[in-house]
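All heavy atoms count here, side chains included; hydrogens, waters and symmetry mates do not. Residue numbering restarts at 1 for every chain, and letters A, B, ... go by the order of the sequence lines.
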There are 2 protein chains.
Amino acid sequence: MEEIDRRIVTLLATDGRMSFTDLAKETGLSVSAVHQRVRRLEKRGVIRGYAALVDYDEIGLPLTAFVSIKPIDPSAPDDAPERLSHLTAIEACHSVAGDESYILKVRVASPLALEELLQQIRASANVSTRTTVVLSTPYDYRSPVIEKELGGDVTG
Amino acid sequence: MEEIDRRIVTLLATDGRMSFTDLAKETGLSVSAVHQRVRRLEKRGVIRGYAALVDYDEIGLPLTAFVSIKPIDPSAPDDAPERLSHLTAIEACHSVAGDESYILKVRVASPLALEELLQQIRASANVSTRTTVVLSTPYDYRSPVIEKELGGDVTG
DNA sequence: TCTGAAAGGCATACAAA
DNA sequence: TTTGTATGCCTTTCAGA
């Protein structure tokens with residue numbers, strides 16, 4: 001029951017365009033039952049959306065870096081994520097524990113573009129930056145192995 | 001022409017399940033022309049696949065962390081990615097410039113699970129670890145804004 | 001929550017330009 | 001590389017249990 005939802009999410013995480021017909025075959029349910037379950041998973045927010053996974057080298061953004069940021073003025077309100085969200089080179093923004101406040105993952109075309117981006121980050125959010133350049137990516141976006149208990153109602 | 005491919009990739013990066021019919025409407029091409037272009041983009045590796053984006057809180061993996069690793073024995077061959085790939089909690093592995101050799105992104109159920117994972121990482125790859133816990137994620141998996149020149153044959 | 005049926009829409013292949 | 005057509009499959013909805 002809950003087991004089938006895990007299976008569906010795993011299958012779609014691996015192949016986001018899998019058809020309902022194939023999902024039905026894999027789960028042993030009817031097509032319409034799978035259909036309802038997927039729609040419910042989408043509505044509950046378990047599935048947040050679907051994306052094509054892109055090769056960043058191929059689309060002209062071969063340079064990836066992690067940029068850790070720290071506020072210049074620690075007493076100022078921390079609205080860095082909103083201040084930075086207009087910079088489309090930023091793929092992700094994580095608030096983190098530790099010496100620095102956020103880790104950004106960025107994708108740019110060149111070292112020069114990275115330099116310009118760092119200036120924009122510093123200026124937009126009034127932060128200092130520490131940058132770690134990615135040399136290669138053995139793997140990324142691996143599909144999760146889903147825990148047995150879905151949702152927040154874990155009692156065990 | 002190349003412009004249309006950028007558009008198609010952008011649309012599919014944002015909605016990985018968009019139909020060819022809708023892609024055709026958005027690009028002004030016929031359905032079969034879009035179909036061929038998507039298949040070509042997949043074959044060229046510009047589109048590497050499709051994935052459902054999952055809410056990690058909802059699937060029982062609410063704790064995200066970045067784990068930087070450094071070999072204990074720097075003279076030993078560096079095969080950390082292969083040695084670690086069996087650990088499914090590791091979502092991504094990036095080789096990086098700087099003091100440490102790799103940055104791992106991991107997803108676990110709890111602090112205890114993180115502790116156990118770190119032990120497995122250290123044992124599997126003979127490395128020391130430095131862990132940065134993610135407190136919240138303002139945004140992640142944002143779709144790229146694609147450069148005008150696709151592929152490696154940039155002449156301008 | 002499931003199944004099965006009915007509808008319309010969509011994917012895919014193909015001929016032609 | 002494109003368009004249009006054709007066929008069959010798939011998605012989606014609905015009734016019923």
Side-chain angles (χ1 to χ4, degrees), chain A residues 1-55 58-60 143 146-156, chain B residues 1-55 58-60 143 146-156:
Chain A
M1 191 102 134
E2 209 57 91
E3 172 69 30
I4 295 177
D5 280 343
R6 287 173 56 206
R7 190 84 173 281
I8 290 172
V9 173
T10 301
L11 288 165
L12 284 174
T14 305
D15 178 5
R17 282 183 83 94
M18 183 175 281
S19 69
F20 291 102
T21 306
D22 285 347
L23 287 170
K25 283 174 194 161
E26 294 283 343
T27 56
L29 286 181
S30 69
V31 173
S32 30
V34 169
H35 190 268
Q36 279 179 275
R37 275 170 181 269
V38 171
R39 292 293 177 247
R40 198 187 330 123
L41 289 165
E42 290 168 354
K43 206 165 191 174
R44 277 176 55 195
V46 179
I47 294 173
R48 294 174 52 189
Y50 302 89
L53 300 179
V54 155
D55 186 314
E58 291 286 338
I59 63 169
S143 300
I146 297 168
E147 300 285 294
K148 277 179 189 139
E149 305 294 334
L150 283 183
D153 47 13
V154 180
T155 50
Chain B
M1 191 103 133
E2 209 55 272
E3 171 69 29
I4 295 176
D5 280 343
R6 286 173 57 205
R7 190 83 171 282
I8 290 172
V9 173
T10 300
L11 287 164
L12 285 174
T14 306
D15 177 6
R17 280 184 86 93
M18 184 175 281
S19 69
F20 291 102
T21 307
D22 285 347
L23 287 171
K25 283 174 194 160
E26 294 283 342
T27 56
L29 286 181
S30 68
V31 173
S32 27
V34 169
H35 190 269
Q36 278 180 272
R37 275 171 180 267
V38 171
R39 292 293 177 248
R40 198 186 331 123
L41 288 164
E42 290 169 355
K43 209 165 191 175
R44 277 177 54 196
V46 179
I47 294 173
R48 295 173 51 187
Y50 302 88
L53 299 180
V54 155
D55 186 315
E58 291 286 337
I59 63 169
S143 301
I146 297 168
E147 300 284 295
K148 277 178 188 141
E149 305 294 332
L150 284 183
D153 46 13
V154 179
T155 50

What donor-acceptor contacts under 3.5 angstrom involve side-chain atoms of residues 45-55 of chain A, with partners at least two apart or in another chain?
unit_1	atom_1	unit_2	atom_2	d
A:Y50	OH	A:E42	OE2	2.6
A:D55	OD1	A:D57	N	2.9
A:D55	OD1	A:E58	N	3.2

Next on the checklist: Expressed as a whole number of angstroms, how long is the span from B:K43:NZ to C:dT12:P?
Outcome noted: 14 Å
Checklist entry - To the nearest angstrom, how far is A:R39 atom CZ from D:dC10 atom P? => result 16 Å
Next on the checklist: I need the residues from residues 11-22 of chain A with at least one non-hydrogen atom less than 4.0 Å from DNA chain C; give them sorted by number, or say none.
Outcome noted: none
Checklist entry - Atom CG of A:L11 and atom CZ of A:R6: how far apart are they, to the nearest 0.5 Å? => result 12.0 Å
Checklist entry - How long is the gap from CD1 on A:I59 to CG on B:L41, to the nearest 0.5 Å? => result 11.0 Å
Next on the checklist: Show every ring-ring contact (aromatic ring centres under 6.0 Å, His included) that has at least one partner inside residues 26-47 of chain B, sequence neighbours left out.
Outcome noted: B:F20-B:H35
Next on the checklist: With a cut-off of less than 4.0 Å, is there a side-chain N or O of B:R37 near OP1 or OP2 of D:dT2?
Outcome noted: yes
Checklist entry - Hey, is the side chain of B:H35 poking within less than 4.0 Å of OP1 or OP2 on C:dT12, counting only N and O atoms? => result yes
Next on the checklist: For a side-chain contact (heavy atoms from CB on, under 4.5 Å) check, start with the C-alpha distance between A:R7 and A:V34, then their side-chain angles and the critical distance, and finish with the verdict.
Outcome noted: CA-CA 11 Å; A:R7 190 84 173 281; A:V34 169; over 6 Å; no
N/O donor to acceptor pairs below 3.5 angstrom from side-chain atoms of residues 24-33 of chain B, sequence neighbours left out:
unit_1	atom_1	unit_2	atom_2	d
B:T27	OG1	B:L23	O	2.8
B:T27	OG1	B:A24	O	3.4
B:T27	OG1	B:L29	N	3.4
B:S30	OG	B:A33	N	3.2

Checklist entry - Nearest of D:dT11, C:dT3, D:dT3 to any side-chain atom of B:L29? => result D:dT3
Nucleotide N/O of nucleotides 14-17 of chain D paired with protein N/O under 3.5 Å:
none

Next on the checklist: Counting runs of three or more consecutive pairs, Watson-Crick or G-U wobble, with each distance below 3.5 Å, where are the stems of DNA chain D?
Outcome noted: C:1-6 with D:12-17, C:8-17 with D:1-10
